[in-house]
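Everything below concerns the one structure shown next.
All ligand and atom numbering here is 1-based and tracks the order in the structure.
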Amino acid sequence: MANVIVIGAQWGDEGKGKITDLLSRSADVVVRYQGGVNAGHTVVVKDQTFKLHLIPSGILYPNTKCIIGSGTVIDPKVLIGEIDQLAELGVSTEQLYISQTAHVTMPYHRLIDQASEEQRGEHKIGTTKRGIGPTYADKSERIGIRMVDLIDPDGLRSQVTWAVKHKNAVLEKLYNRPPLDPAAVVEEYLAYADRLRPHVIDSSLEIDKAVRDRANILFEGAQGTLLDLDHGTYPYVTSSNPISGGACVGAGVGPTIIDRVIGVAKAYTTRVGEGPFPTELEDEIGTILGDVGAEFGTTTGRPRRCGWFDAVIGRYAVRINGLDCLAITKLDVLDSLPEIKVCVAYDIDGEVCNHLPSNARQFAKCKPIYKTLPGWQQSTADCRSLADLPPTALSYLKFLAELMEVPIAIVSLGPSRDQTIIVEDPIHGPKRALLDAPQISP
Ligand code: IMP
């Protein structure tokens, strides 16, 4: 048996949906451990495209249990929409479970997120405006509403009535917005509760049972390492912990049950929202990456900022997450380029820096130091093994593995399940013996 955490190694949108979908094949249970409807992943199976925000893509396998864990925040309206969308496409959600201790995103959270972003002006974060930050803030402030409260009608009535009155003061006085009608919010959420009640469970018990049964459990992170509240590029981060450490907190398991940690990184870098991005390309190549890679947010539709692969960030992600191996996605997006650059270090005011600075103003000063590699200028979309890859594409992958000192287990060359090279089974294969990753000095 193996219990595996899959995390994003960059700023989110690394293609985790496809990788977790692939790995879910071997998983008995998939647990999403943080984030909310700010995330979005697209999974393409045969001719059907599934766009999911909260439900793990493991739902597409009929025998896989999918648990939305305690560390997530649930927007019930969006979740019910996803359940209905899956039903229309003939996918059962009978195996979908929601932690009773996950917090609920309320209408005032969304309104406050939107109003706060507007008020911040040039200091805005560029959030998804889905109420994620305010939901987590209420959790910390201990005035949040949890799934266990949502499904208790009497408790919900009194809690929501009080919370709406409290938040109306914020909406009216701080943001000059119209107040919400507490009774209408109560009625709306009582109806959501009726739909979601059958899915709500004590997820910690369920996961513990899976551990005791020696099931394969996949812990699925949303967003990415650099959006982590504690270890990301603060303040331009989300309000939860997408890193591997977040899996134990968000799922309610001890670290001793984790066998492996897999990082997903694109063959280049993207970022949505505000904040420094040293390898960003605001030129023709950036446009090519955006167009060929269809770099638009699944949740907001915003164009993603695009740039070269940044190995400083990559090494940081390896360290912070304790990565065992990497899945490199979207290699095919680089197919047409005559040369490809990789950022190997930063220049800060003339000094070489090999590490990610914690100070946001220092990070904003980082100029990438590039190593330029030849491109391959031919399609890789139909390659199904490393031997099929053009030699320069293979050299590119080896260079990334060397720089980050971790092996590459999976290479993705397009959105479909079959456009994938499994170098070695990242769950059952030998640890750290997948693709050559000679040790280099940090
Ligand atoms: P929030 O999570 O909506 O509060 O947004 C905070 C920051 O995280 C913003 O820069 C968002 O663009 C970014 N963000 C949140 N979720 C995702 C995601 O799934 N992919 C990429 N960026 C995200």
Side-chain angles (χ1 to χ4, degrees), residues 6-20 32-43 51-57 68 71-75 78 82 103 105-106 109-120 122-140 220-243 246 250 263-266 268-277 280 290 293-307 313 317 329-330 360 363-364:
V6 177
I7 59 94
Q10 295 159 321
W11 272 290
D13 308 316
E14 296 90 350
K16 291 181 297 296
K18 172 172 167 177
I19 302 303
T20 51
R32 163 90 185 267
Y33 59 84
Q34 45 70 231
V37 298
N38 47 352
H41 45 254
T42 309
V43 183
K51 283 188 189 294
L52 300 170
H53 298 284
L54 268 168
I55 301 181
S57 44
I68 305 178
T72 62
V73 291
I74 314 269
D75 187 325
V78 178
E82 279 181 39
H103 277 248
T105 295
M106 305 295 294
H109 291 135
R110 253 175 278 133
L111 293 171
I112 290 172
D113 197 359
Q114 287 155 17
S116 145
E117 277 285 275
E118 270 168 41
Q119 207 177 66
R120 276 167 172 262
E122 64 176 36
H123 298 288
K124 71 176 182 196
I125 307 291
T127 74
T128 59
K129 299 187 181 166
R130 298 299 190 268
I132 306 300
T135 312
Y136 279 113
D138 277 4
K139 175 178 174 172
S140 298
E220 175 182 328
Q223 288 90 40
T225 303
L226 294 188
L227 290 175
D228 186 274
L229 178 60
D230 292 272
H231 300 282
T233 46
Y234 193 88
Y236 302 103
V237 293
T238 190
S239 306
S240 64
N241 292 109
I243 60 167
V264 185
K266 265 180 207 168
Y268 50 99
T269 312
T270 61
R271 159 160 222 187
V272 266
E274 306 299 315
F277 178 1
E280 181 168 16
E295 297 294 356
F296 293 93
T298 312
T299 302
T300 57
R302 289 181 289 180
R304 296 176 185 143
R305 300 154 68 191
C306 298
I313 282 170
T329 60
K330 292 194 156 186
F363 187 46

Over all heavy atoms of both residues, which pair between [X] and [Y] is shortest? Give the atoms and the distance, please.
X	Y	answer
His53	Ala39	ND1-O, 2.8 Å
Gly35	Ser240	N-OG, 3.6 Å
His103	Lys139	NE2-CG, 3.4 Å
Thr233	Phe363	CG2-CE2, 3.6 Å
Pro242	Thr238	CG-CG2, 4.3 Å

Checklist entry - Any salt bridge between Glu295 and Lys266, counting N to O under 4.0 Å? => result yes
Checklist entry - Would Arg130 and Asp75 pass as an ion pair if we require N to O under 4.0 Å? => result no
Please determine whether any non-hydrogen atom of [X] lies less than 4.0 Å from an atom of ligand 1.
X	answer
Gln223	yes
Ser239	no
Arg302	yes
Thr300	no

[X] neighbourhood, listing ligand 1 atoms whose heavy-atom distance to it stays under 4.0 Å:
X	result
Trp11	21 (C), 22 (N)
Val272	10 (O), 12 (O), 21 (C), 22 (N)
Gly126	9 (C), 10 (O), 11 (C), 12 (O)
Gly273	10 (O), 12 (O)

I'd like to check whether [X] has a polar contact with ligand 1, where a contact means an N/O of the residue lying under 3.5 Å from an N/O of the ligand.
X	answer
Thr238	yes
Ile132	no
Lys129	no
Asn38	yes

Protein residue, atom and distance nearest to [atom], heavy-atom basis:
atom	answer
atom 5 (O) of ligand 1	Thr127 CA, 3.3 Å
atom 13 (C) of ligand 1	Leu227 CD1, 3.8 Å
atom 21 (C) of ligand 1	Asp13 OD2, 3.0 Å

Separation of [Y] [atom2] from [X] [atom1] (nearest 0.5 Å):
X	Y	atom1	atom2	answer
Thr269	Arg305	OG1	CZ	11.5 Å
Asp113	Thr128	CG	OG1	6.5 Å
Asn241	Gln223	CG	CD	11.0 Å

Checklist outcome for this item: From the list Ile68, Val37, Thr105, side-chain contact (heavy atoms from CB on, under 4.5 Å) partner of Ile74 resolves to Ile68
Part of [X] with heavy atoms under 4.0 Å of ligand 1, whether side chain, backbone, both or neither:
X	answer
Val237	backbone
Tyr236	neither
Thr128	both

